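Heads up: the structure comes next, in structure tokens.
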Amino acid sequence: MTSPKETVGDTSGGPIRLLSFDLEEYFQVEAAAAKVAPGQWDAFARRLPAAVDRILELLESRGSSATFFVLGWVAQRQPELIRRIAGTGHEIASHGMGHAMVGRLTAEEFRQDLLASRGLLEDLTGRPVAGYRAPTFSITHQTAWALDVLAEAGFAYDSSIFPIRHDRYGVPDAPRFAHLATGPGGGQLLELPPLTMRAMGVNLPAGGGGYFRLLPLAVTRAAIGRAVRLGRPAMIYLHPWELDPLQPELPMSGLNRFRHRLGLARTESKLRSLLERCAFTSVARRLAEIRAGAMEVFRYGRGDR
Ligand SMILES: [Zn+2]
């Protein structure tokens with residue numbers, strides 16, 4: 001195993017710009033879940049490897065690294081892909097096994113899913129897995145027990161809580177930047193929320209996914225700039241399928257289709273432009289600094305339900 005390479009964005013003490021990818025296939029998204037069951041996934045042609053190769057080339061050319069939250073289903077079927085990502089200096093973290101939203105699992109099922117995915121990824125890469133991101137940002141006040149399970153399992157950080165109001169996920173009263181998340185059972189771990197902007201009294205998503213595809217790049221740049229000026233980490237997230245405009249159409253409702261396909265053709269060039277001006281890193285490379293920063297404590301599992 002090659003040792004992780006140094007990248008420009010690793011500059012200790014400098015701005016902490018974090019880049020993350022949720023490593024899953026285009027047919028595993030929640031928007032398609034009503035029409036495409038997990039039992040059907042194996043029937044689809046896999047499109048991840050080509051998209052991942054383009055991402056790895058782009059990161060390499062820009063001297064950036066990233067955290068890849070890997071779905072266990074993908075790691076089981078394409079172990080060489082995970083080893084390739086890890087071998088080029090990026091962080092491998094967990095996205096669970098089967099992409100079920102946390103609220104559909106019992107605490108024990110969630111624990112099993114978590115441990116299975118971590119064991120699989122650690123066996124594949126020979127490195128410890130420190131981070132977790134829930135499918136569809138599905139840790140909310142209602143599912144805050146998941147924080148207790150994560151803390152008990154020894155995860156160093158979580159990145160599953162979106163501090164916005166949304167129909168599928170979100171905790172609008174949660175802190176916008178890195179903080180210590182406490183579950184209803186008292187379990188505590190570092191939480192790294194996706195980047196938001198504060199405007200008109202509400203938190204607006206600015207840090208990835210459909211918002212990154214929809215909004216002008218200037219908005220994302222401005223949100224990153226604000227976080228950097230505050231001395232806080234900025235967390236950007238994307239999916240490889242968002243850089244794959246030629247992916248086949250999926251059966252979806254009109255709204256879900258709009259959300260899923262919006263701006264697909266422009267995502268790669270936007271990401272390229274973003275990486276041209278400044279370097280990004282994985283969480284692992286800056287974890288010690290993030291933890292050392294002044295850290296607010298926030299208790300989940302109460303309030304706005
Ligand atoms: Zn996902």
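Order of appearance sets the numbers: ligands from 1, and atoms from 1 within every ligand. Just so you know, these numbers come straight off a predicted model, no measurement behind them.
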(message) Suppose you place the vertex at the Zn ion (ligand 1); what is the angle out to His99 NE2 and His95 NE2, to 10°?
(response) 100°
(message) Which label fits Phe298 and His141: parallel for a plane angle under 30°, tilted from 30 to 60°, or perpendicular past 60°?
(response) tilted
(message) When you compare the side chain of Val202 with that of Arg165, does any pair of heavy atoms fall below 4.5 Å?
(response)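 The answer is no; the side chains never approach within 4.5 Å.
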(request) Sort and list the pairs that fulfil side chain to side chain donor-acceptor pair (under 3.5 Å) and have at least one residue in residues 36-48, not counting sequence neighbours. (result)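 Those involving residues 36-48 are Asp42-Arg46, Asp42-Arg77, Arg47-Asp244.
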(message) I'd like to know: is the Zn ion (ligand 1) within the 2.8 Å range of an N/O/S atom from His239, strictly under that distance?
(response)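 It does not: His239 brings no N, O or S atom closer than 2.8 Å to the Zn ion (ligand 1).
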(request) Measure from the Zn ion (ligand 1) to each N, O or S atom of Asp22 and report whether any distance is below 2.8 Å. (result)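 No N, O or S atom of Asp22 is closer than 2.8 Å to the Zn ion (ligand 1), so no.
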(message) Restricting to N, O or S atoms, which atom of Glu24 is closest to the Zn ion (ligand 1)?
(response) OE1
(request) Quick one: which residue pairs count as a ring pair (Phe, Tyr, Trp, His ring centres under 6.0 Å) with a foot in residues 120-139, not counting sequence neighbours? (result) Phe110-Tyr132, Phe137-Phe162, Phe137-Tyr169, Phe137-Tyr237
